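Let me begin by presenting the structure, written as structure tokens, before commenting on it.
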Amino acid sequence: MFSKNTKYNFKLKTAFLMLLTFCIQVSAQTTAWKPASFEIVKSNYKIFKTTQYAHVFSGSKHNIVRLAPELQGLTGIELPLNKLENGINSSLQLKFKEPVQVLIGVFEEIDRAEFTPLNPAKIVLENGLTLTGLSPVNVYAVSYPKGTHRINPVNRSFTILGVIKKNQNLGYRNAELPDGKLWNPTFIVEGFSDEKPLFEIIGGENKAVVDEGMPGTEGIQGGFEGGRVVKVGDTYHMFPTERAGEKGVDYYYDRVKTRIGHWTSKDAIHWKRESTIYQASGTYAITEDDNPMNDRRAAIWSYMPVFNEKANKWYGYYLAYTVSKTIEPNHSFGRIWRCESTVDGIDGIGGPYKDMGIIIEPGLDSEPWEGRQGVASFFPYKVGDKYFGFYSGAYPFNSWADYPKKSGKGWFVGLAESNSLEGPWSRIKDGSNPIKTIHPFFVENPIVSQLPNGLYIAIFDGGPDGWGHHLPNMIGYSLSKDGKNWGEARYLPIETKVNKWWDIMRTPLCLIPEGNDVYTIVYAAIDLKKRFHPMGMVKVKLNKDVMQSRLEELK
């Protein structure tokens with residue numbers, strides 16, 4: 001007879017062994033499958049690496065945003081999506097040197113009767129892949145013996161995700177990856193689509209360059225967000241939004257009581273804090289509308305220094321908000337202020353600065369797309385004899401009847417124009433605002449410069465994959481030939497060359513030319529495990545041949 005303790009210990013050991021067996025089985029299932037070599041016969045189909053961001057169809061922007069770990073690193077085959085969608089079977093022949101299993105991704109349940117007994121098919125991953133703009137992908141393993149075979153599974157859309165060795169015991173599991181239709185629209189990732197990339201990611205820091213606890217971060221509870229970095233001589237000057245908040249106060253207040261800091265560096269890696277340029281009040285509004293009774297400088301963001309050669313001094317453009325404690329978005333009714341350094345010359349970048357007044361704000365010439373948050377950023381740049389300025393809006397109103405609280409979702413940019421950096425600035429009213437050619441509903445904090453061949457480039461925050469949003473989660477850029485008409489965004493997957501220490505990518509602060517076609521990008525990002533939002537740095541290299549071809553493509 002067992003004692004009660006013996007029985008208990010036996011049951012405990014049995015449960016532990018069952019749990020261990022289950023964990024081993026799960027671990028085996030989620031280990032990358034062993035690839036087998038293959039040869040594409042009598043066709044010019046390209047291959048792709050089955051990994052995040054891969055574009056799996058030729059002539060298509062659909063790319064992988066989620067995949068089961070079993071598929072990671074396999075070699076897939078690009079098929080023409082337009083033919084597949086029209087029910088045209090692509091002529092695909094593969095040659096195998098050994099018995100294999102071909103992994104076929106389809107967008108609905110397949111009729112296994114379409115396969116012969118010679119080529120048995122079984123589902124191995126349900127919801128095993130997420131492709132932007134497409135339904136969830138189920139993955140089937142189809143067996144083929146050694147030799148040359150025509151791969152022609154179904155008269156509908158499918159993708160070849162890899163070829164693996166026959167002798168692997170593939171079980172079934174539901175990977176429970178999300179529906180790709182949540183990512184709307186599809187988007188182009190540099191280096192993963194059919195086109196050659198304009199920028200190659202060549203490296204950078206594998207960790208944040210300004211992080212919690214580093215010198216200068218004392219008193220900054222929530223880290224950083226957008227602003228601008230410029231280089232004067234051999235010194236980088238960074239003007240970030242410091243989410244200062246207060247000790248002992250909830251993290252939500254970090255984005256209310258903000259300040260603009262001035263930091264310097266010789267290498268864009270090691271930074272020293274020099275001064276505070278502006279400090280917000282942190283005072284919450286007392287009314288729901290845009291009312292002068294409210295403190296309209298409760299939060300200050302997005303400081304953009306621009307050197308005015310004619311005036312021989314630095315100008316600053318920054319955003320001041322009214323802040324609501326209860327209404328989304330809490331940042332409301334943004335106004336853009338202009339200030340000037342009191343020290344003349346290029347070396348006067350550190351200020352101090354004096355305010356010169358508001359240059360653009362909510363008013364009778366506002367449009368509903370600017371929404372409750374707008375004007376939410378501003379960046380001026382010269383085109384010929386005049387100036388354009390990107391200004392933004394967010395949480396749009398469908399009509400003014402929705403003012404002041406009934407707002408929708410969307411983060412948009414438009415253009416204002418002026419004959420000088422001082423202004424007056426006027427919103428362009430030719431029907432082109434908001435500019436949706438870059439992305440239909442998310443562009444934040446664009447900063448504009450020119451490439452060596454004269455192309456204008458705007459680098460911007462491409463939007464989070466988080467907080468209920470399904471956006472690229474990468475730094476984006478757009479090109480323009482004339483500074484007014486902007487092309488479709490491309491996105492920079494910098495985590496392919498540096499360690500991804502962030503969960504959510506946010507705002508780039510610069511695209512600084514360093515010589516030899518190399519550029520420096522300093523960016524703000526978020527590690528969701530931390531209250532403090534750090535800064536990172538990456539280097540990219542410009543492909544001049546691609547730059548020239550893009551110029552020729554633009555109208």
Side-chain angles (χ1 to χ4, degrees), residues 219-227 240-261 276-304 316-339 353-378 391-412 425 427 444-445 467-468 531 533:
I220 304 174
Q221 314 307 310
F224 304 98
E225 232 299 283
T241 302
E242 298 177 348
R243 297 159 35 90
E246 286 183 3
K247 288 186 177 180
V249 179
D250 187 79
Y251 70 91
Y252 186 78
Y253 196 56
D254 298 348
R255 54 188 280 110
V256 178
K257 195 165 188 180
T258 57
R259 66 190 187 201
I260 305 301
T276 297
I277 303 297
Y278 283 103
Q279 170 72 62
S281 71
T283 304
Y284 286 105
I286 58 175
T287 72
E288 298 176 340
D289 59 346
D290 186 16
N291 194 308
M293 294 175 63
N294 300 322
D295 188 333
R296 289 173 167 172
R297 295 173 65 91
I300 292 176
W301 290 71
S302 302
Y303 187 89
M304 299 292 175
Y317 300 83
Y318 67 93
L319 166 63
Y321 279 122
T322 299
V323 176
S324 171
K325 202 168 188 176
T326 59
I327 304 171
E328 187 181 15
N330 67 322
H331 289 158
S332 304
F333 313 122
R335 287 169 161 79
I336 303 299
W337 286 75
R338 185 179 73 83
C339 60
Y353 286 82
K354 62 178 180 180
D355 281 327
M356 305 304 292
I358 295 169
I359 62 164
I360 187 168
E361 64 182 325
L364 294 177
D365 58 345
S366 297
E367 296 179 315
W369 65 265
E370 296 176 33
R372 182 174 173 87
Q373 193 170 63
V375 182
S377 71
F378 186 82
Y391 73 99
S392 65
Y395 294 84
F397 301 119
N398 286 328
S399 71
W400 288 122
D402 293 335
Y403 176 88
K405 293 194 299 181
K406 189 179 177 182
S407 60
K409 292 294 176 69
W411 293 260
F412 303 103
W425 289 88
R427 293 166 170 85
E444 271 201 339
N445 300 312
W467 304 323
R531 175 173 177 173
H533 298 176

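Excluded from the calculations below are hydrogen atoms, water molecules and symmetry mates; all remaining heavy atoms, backbone and side chain alike, are included. Please read all numbers here as calculations on a predicted model, not as lab measurements.
- Counting only heavy atoms from C-beta outward, the side chains of Y391 and I336 never approach each other to under 4.5 Å.
- At a threshold of 4.5 Å between non-hydrogen side-chain atoms, the residues Q279 and E242 do not count as touching.
- Closest non-hydrogen pair, A298 versus T283, comes out as CB-O, 3.0 Å.
- When side chains are defined from C-beta on, Y353 counts as touching Y303, because their heavy atoms get closer than 4.5 Å.
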(message) With side-chain contact (heavy atoms from CB on, under 4.5 Å) as the criterion, how do R427 and S366 come out once you've worked through the C-alpha distance, each side chain's angles and the decisive distance to 0.1 Å?
(response) CA-CA 8 Å; R427 293 166 170 85; S366 297; 3.4 Å; yes
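- Closest heavy-atom contact between I300 and A280: N-CB, 3.6 Å.
- Evaluation of the side chain to side chain contact (heavy atoms under 4.5 Å, CB included) rule for I327 yields E288, S324, R372, K405 as partners, not counting sequence neighbours.
- In this structure, F412 and W369 have perpendicular ring planes: the angle between them is above 60°, well past the 30° mark.
- Using a 3.5 Å distance cut-off with no hydrogens or angles, the side chains of S281 and D295 do pair a donor with an acceptor.
- Every residue meeting the side-chain hydrogen bond (donor to acceptor under 3.5 Å, both in side chains) condition with D290, not counting sequence neighbours, appears here in chain and number order: R296, R335.
- Under a cutoff of 6.0 Å and an axis angle of 45°, R338 and W425 do not form a cation-pi pair.
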(request) Determine, stepwise, if the pair K257 / E246 fulfils salt bridge (charged side-chain N to carboxylate O under 4.0 Å, His left out). (result) CA-CA 8 Å; K257 195 165 188 180; E246 286 183 3; 3.0 Å; yes
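- Aromatic rings from Y395 and W411 are positioned such that their centres are separated by under 6.0 Å.
- Shown here for M304 and F378, the closest heavy-atom pair between the two residues is CG-O, 3.5 Å.
- The side-chain hydrogen bond (donor to acceptor under 3.5 Å, both in side chains) check on T258 picks up nothing, with sequence neighbours excluded.
- Nearest approach of G374 to P362, heavy atoms of both residues: O-CG, 3.6 Å.
- Shown here is Y251, whose OH atom has no more than 12 heavy atoms of other residues, nucleotides or ligands within 6.0 Å.
- For the residue pair Y278 and R297, the shortest heavy atom distance occurs at CD2-NH2, 3.7 Å.
- Between Y321 and N330, the closest side-chain pair of non-hydrogen atoms is not below 4.5 Å.
- For the pair Q221 and K247, the minimum side-chain heavy-atom distance is below 4.5 Å.
- Of the inter-residue distances, the one linking K354 atom NZ with C339 atom SG reads 11.0 Å to the nearest 0.5 angstrom.
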(request) Begin from the C-alpha positions of N445 and S392 and carry the test side-chain hydrogen bond (donor to acceptor under 3.5 Å, both in side chains) through to its verdict. (result) CA-CA 8 Å; N445 300 312; S392 65; 5.6 Å; no
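- Judged purely by atom type and a 3.5 angstrom limit, H331 uses its side chain to pair as donor or acceptor with the backbone of R255.
- The minimum heavy-atom distance linking P368 with W400 is given by the pair N-CZ2, 3.6 Å.
- Y252 is not listed as a side-chain neighbour of K325, based on a closest heavy-atom distance of 4.5 Å or more.
- Formation of a donor-acceptor pair under 3.5 Å by the N294 side chain with backbone atoms of I286 is found in this model.
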(request) Please assess Y318 against T241 for the test side-chain contact (heavy atoms from CB on, under 4.5 Å), listing each intermediate value before the final yes or no. (result) CA-CA 10 Å; Y318 67 93; T241 302; over 6 Å; no
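- Note that CG of L319 is 12.0 Å distant from CH2 of W337, once rounded to the nearest 0.5 Å.
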